[in-house]
Amino acid sequence: MTDTKPPIIQIQNVSKRFGKVTAVDDVSLDIQAGEFFVLLGPSGCGKTTLLRMIAGFELPTEGRILIDGQDMTGIPPNKRPVNMVFQSYAVFPHMSVADNVAYGLKIAGVRGGEANDRVAEALELVKLGGFESRMPDQMSGGQRQRVALARSLVMRPKVLLLDEPLSALDAKLRAQMQFELSELQEKVGITFVTVTHDQDEALSMACRIAVINKGDVSQLATPSDLYEYPANRFVADFVGSVNIFEGKLTLDEPDKAAVDCPGLGKVYLNHGVTGPHGADVWIALRPEKIYLHVPGEGKAVRAAAQDAPEGYNFARGKIKGMSYLGDITLFEIELESGARIRVSRPNLSRHDQEDFTWDDKVSMHWRADSPVVLLG
Amino acid sequence: MTDTKPPIIQIQNVSKRFGKVTAVDDVSLDIQAGEFFVLLGPSGCGKTTLLRMIAGFELPTEGRILIDGQDMTGIPPNKRPVNMVFQSYAVFPHMSVADNVAYGLKIAGVRGGEANDRVAEALELVKLGGFESRMPDQMSGGQRQRVALARSLVMRPKVLLLDEPLSALDAKLRAQMQFELSELQEKVGITFVTVTHDQDEALSMACRIAVINKGDVSQLATPSDLYEYPANRFVADFVGSVNIFEGKLTLDEPDKAAVDCPGLGKVYLNHGVTGPHGADVWIALRPEKIYLHVPGEGKAVRAAAQDAPEGYNFARGKIKGMSYLGDITLFEIELESGARIRVSRPNLSRHDQEDFTWDDKVSMHWRADSPVVLLG
Amino acid sequence: MRAWVGLVMLFLYAPLIELMIFSFNDSKRNVVWRGFTTKYYEKALGNDVLVEALVNSLTIAALATIASLILGAIAAVMLWRFRFPLKGAIDGTISLPIIVPEICMGVAFLIFFAKWLEWPTDLIWPFNLGAITIAHITFCFPFVTMVVRSRLATFNREQEEAAKDLGAGEWAVFRDVLIPHMRPALVAGALLSFTLSLDDFVITYFTSGPDTITFPVKVYSMVRFSVTPEVNAASTLLIILTIVLTAIALKLQGVKAIAETH
Amino acid sequence: MRAWVGLVMLFLYAPLIELMIFSFNDSKRNVVWRGFTTKYYEKALGNDVLVEALVNSLTIAALATIASLILGAIAAVMLWRFRFPLKGAIDGTISLPIIVPEICMGVAFLIFFAKWLEWPTDLIWPFNLGAITIAHITFCFPFVTMVVRSRLATFNREQEEAAKDLGAGEWAVFRDVLIPHMRPALVAGALLSFTLSLDDFVITYFTSGPDTITFPVKVYSMVRFSVTPEVNAASTLLIILTIVLTAIALKLQGVKAIAETH
């Protein structure tokens, strides 16, 4: 992820239209060599089309794609220095594991000892040593995925493309494979470009994430920047859980800002916003960044006053819903304005979850660096 | 959930064998009127068989089931005062929504104005007012489930049985329906018995949960007791994420206990354990109950020493894996013993997640009331 | 290559196309086009024996369809639903009449009716159609069974349980849930039986008495006598009738289902 | 009710069972059991004309199968893979020979070969089988197309893309991925074509010259002469041959697939 090397993939003003439907709309992106890059978005947002254009299975209607500096326009999939792991894995059912992995080498004319060594090495890498003669129908979904990975890695591509690699696995296996994919990527040093609709997957694996919405890049950032500084309401809402309130910007100086939200109250920020005074803006506030206090609001007001003027960053409400999840409890709270706000609270010690219950009156505060002002 | 009323469902020494396979093994359970009861377990554990025996679709090989005090042995499904929402919803595809909901009433001989009123009321309850003449193939999965709910609720059963009600819905809809089902149950006051394999679903919706393993009740408790005081390793591992270490009980007095774990170190508890001295036990420690400290172990030792003798409840390690999920970060840490431990850390303020990174040396402590001693 | 395949197909279809076109040819011989006419259709429809044969064919087809539908549906439901002795054997042999060469079926029926039962051939209409109808049922009902079974295989048993759960007894479940599910297969099976029966020549030929003829048998005897445009016309009528019935079946059950049956 | 259904089925199968049993009856007449013998099988297999007919049938079936397989598979792949003018029309009419009544097919071929092409009937073996073989290809290849198409419908296009992604060109994809996927359908289609051709009577009867006979046609002419146990034996042989071939096809492609084809 250094800026001195040229990007391994350059997507330049690429659009793709199917008839009258625009799947990808004038996207430009650079992907750096060696990074774990994730295309994140809801289904139908165009992220898979983008991946398939990199692989060569779709041709851009406009724009061009460069891989390692070379223009890929007119180069068919079988001549591109990238390999793909398909959503269905697409393991060849009539070939053994070894034959599957050796297939690309056979086509490339690599045979004999070298081919055998590379197949063995690739299978070792995905922890499938000893499975050489197994047929795909004797394997689990997770194992078939490893075969697909080995089959691509054995080709030593410049870029490995992964289309929803974990969507067909069950929850426990998915969590494990997230770790393993990250480890694998670090070990082989190949650039990974992954498509997913699962924000947890994206946040936990990626170096950088491009959030795609309606064929366009909504935001391109590291996982923590995406979560902490979402650029707009779509990203704030799609990545993680969030409370969004409409408001008016009442103060905007370099080191502080204030927004008046009819739904939530007066919000104070310890940094400036580059928005016009009086503009309509939105405040995004993550559930885990709101602190609950038992009835009697002195504590909440005092806590808020530590880094905000009095009367700011503080609200009252009534617990209307609770969802105990073991490590955390989710609260749905009706504010005095009638709006609802979601608050999550970690159960760090055993009795934390007994502090609050249904229909309790509560007060809340949040820190001055927690709210995010969104202009769109 | 009061003890003065008799239980609405009594399962008495029920076993079910299919040929040589024992699906349910001598289970006894009481379900109270008005509670939201969940049968939780991995697939194939016998939980669905148990539900189907309550509905009457399977007959117990041994034992008996009482509903509202009445023995159900020999009573076919169509004569039982319970209704079921099936996993596939099983909405009749050739009938309109209204005809689907009215079907049970028609069979029961309820017609005309009363039937219409009850159908309208049931559809209102599941927020499908106005959908009366829609055909099922014109509806989404979530809407079809509501039809199935209305079709059962219109019968005003004493107990509503739900077989994996949310498993066919996507993640966002599932979270919403968890809230709605809880609300609905509270509104109609009918006893709900739900089968699920999803622990989040069980924890967030249930009054009480029976964890089923291999045809047997592993533990029967409220969500928080299940999470905080698991009875055995199966429950600790199945409900939530947990670290489990083998150890020997070295101290066991009414108000304190100590366990020596080769993998983790010396563990101190501020309550007694009823186990024989020197017994082999297991320590379960939740990831969110472990506190991470930056290198330099003074702080961790001091924090641990607040409620444990020096040298207890404290460990050192190295960060081997990190999974940033926005609201929390998961760490995989290699302890000095070589064992691995999972630690989760909430990102309560914006910069929390920047405190630690890969390969950092860290120290940890946990409170004396956090570890759970498991005897089996 | 596409052009080549197109030519091959044209060649394969040529006889059928020619048959149909020349039924409108204003010439006694089939070789040269002499202008458009429908007179051979008029002639065919004015041919009393041919019309009688058509009535016979339709009667047999109707009777065989009703019987096949009942027998086939019962067999399908029983094989799907119940366990009983010899189920495996019945399951394996029920489609035998589909597999056995029609000439062998014909011989078998000939021996059976003529030699064994000494079935009378001088009954009055419609009883003279009995032997043919029975033979037709034999090869039609396995098709109904197959269509209905493949439909039943897509039945969600939870629907049956849902109905019971709502208070329905066995009969109500059958009437309200199972029959509506089977309906498209029953319709498709009936249309299939009807066309199979209507079109059959070999088995009919061997089971019909000397004075009982059906439409295909009559066409056959006309051809033996002389190939006239009237034969073309009669054949074209039968083809169109068959295609229309099949198209309806296709429409009612979808392309895939019919592919599973034929 | 089960007993009743059992009886009905027995009655429906009775002619076939009787045909087979009495081929082993040591009596010239079929009515009374006189003891077990295989002499009618010896007699049938010693009948030079019958053996010649069988050789003809097998030759025609082999030729028709090879041609149908090639034509049918090409048609199936083209319809599945490409878009081209008239695709809809070809797709809709390709199964026409399956639907058209065989008597009409027979008449059409009779007119086509005898009147139009004036196909010579005095060619030497095996060229005298040409007309029959062409007619058989017409009704066999649509079955191959159907079987192969339904198999292709289950093909995961991502496998094709995976092969390309690994460097394979169009031909390598076809050879390494598509053909292996189609293989069971090709085998089943071939066996199906072979049995259909072997068993056909009507269309063969109309397209065969005066001196060219096939096994079913010979059986037919033997029956017209007299119903002897030798006919039973010959029919039984044909039935067994057919069942064995169908069983192999079933085994190779699974029950469901064959249900989709027949």
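So you know, we letter chains A, B, ... as the sequences are listed, proteins then strands, and number each from 1.
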D:F141 versus chain C, the contacting section by heavy-atom distance below 4.5 Å: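 Only the side chain of D:F141 comes within 4.5 Å of chain C.
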Best-contacting candidate, C:I103, C:V202, C:L19, against chain D by heavy atom pairs under 4.5 angstrom: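 The residue among C:I103, C:V202, C:L19 with the greatest pair count is C:I103.
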Where do C:A61 and C:S197 come nearest, in terms of heavy atoms and distance?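 Closest pair (atom of C:A61, atom of C:S197, distance): CA-OG, 3.2 Å.
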Can we say D:R81 and D:E170 salt-bridge, meaning some charged N sits less than 4.0 Å from an Asp/Glu carboxylate O?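 Yes, charged N to carboxylate O under 4.0 Å.
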Out of D:I243, D:V219, D:V217, D:L16, return the one with the most heavy atom pairs under 4.5 angstrom to chain C.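 Of the options given, most contacts go to D:L16.
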Which one of D:F109, D:Y13, D:F215, D:F206 has the most heavy-atom pairs closer than 4.5 Å to chain C?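 Option with the greatest count: D:Y13.
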Against C:C104, only a single residue in D:S235, D:P15, D:P216 fulfils side chain to side chain contact (heavy atoms under 4.5 Å, CB included); can you say which?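 The side chain to side chain contact (heavy atoms under 4.5 Å, CB included) with C:C104 is passed solely by D:S235 among D:S235, D:P15, D:P216.
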Ring-plane angle category for D:Y220 and D:Y205, please: parallel below 30°, perpendicular beyond 60°, tilted otherwise.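 Rings of D:Y220 and D:Y205: perpendicular, over 60°.
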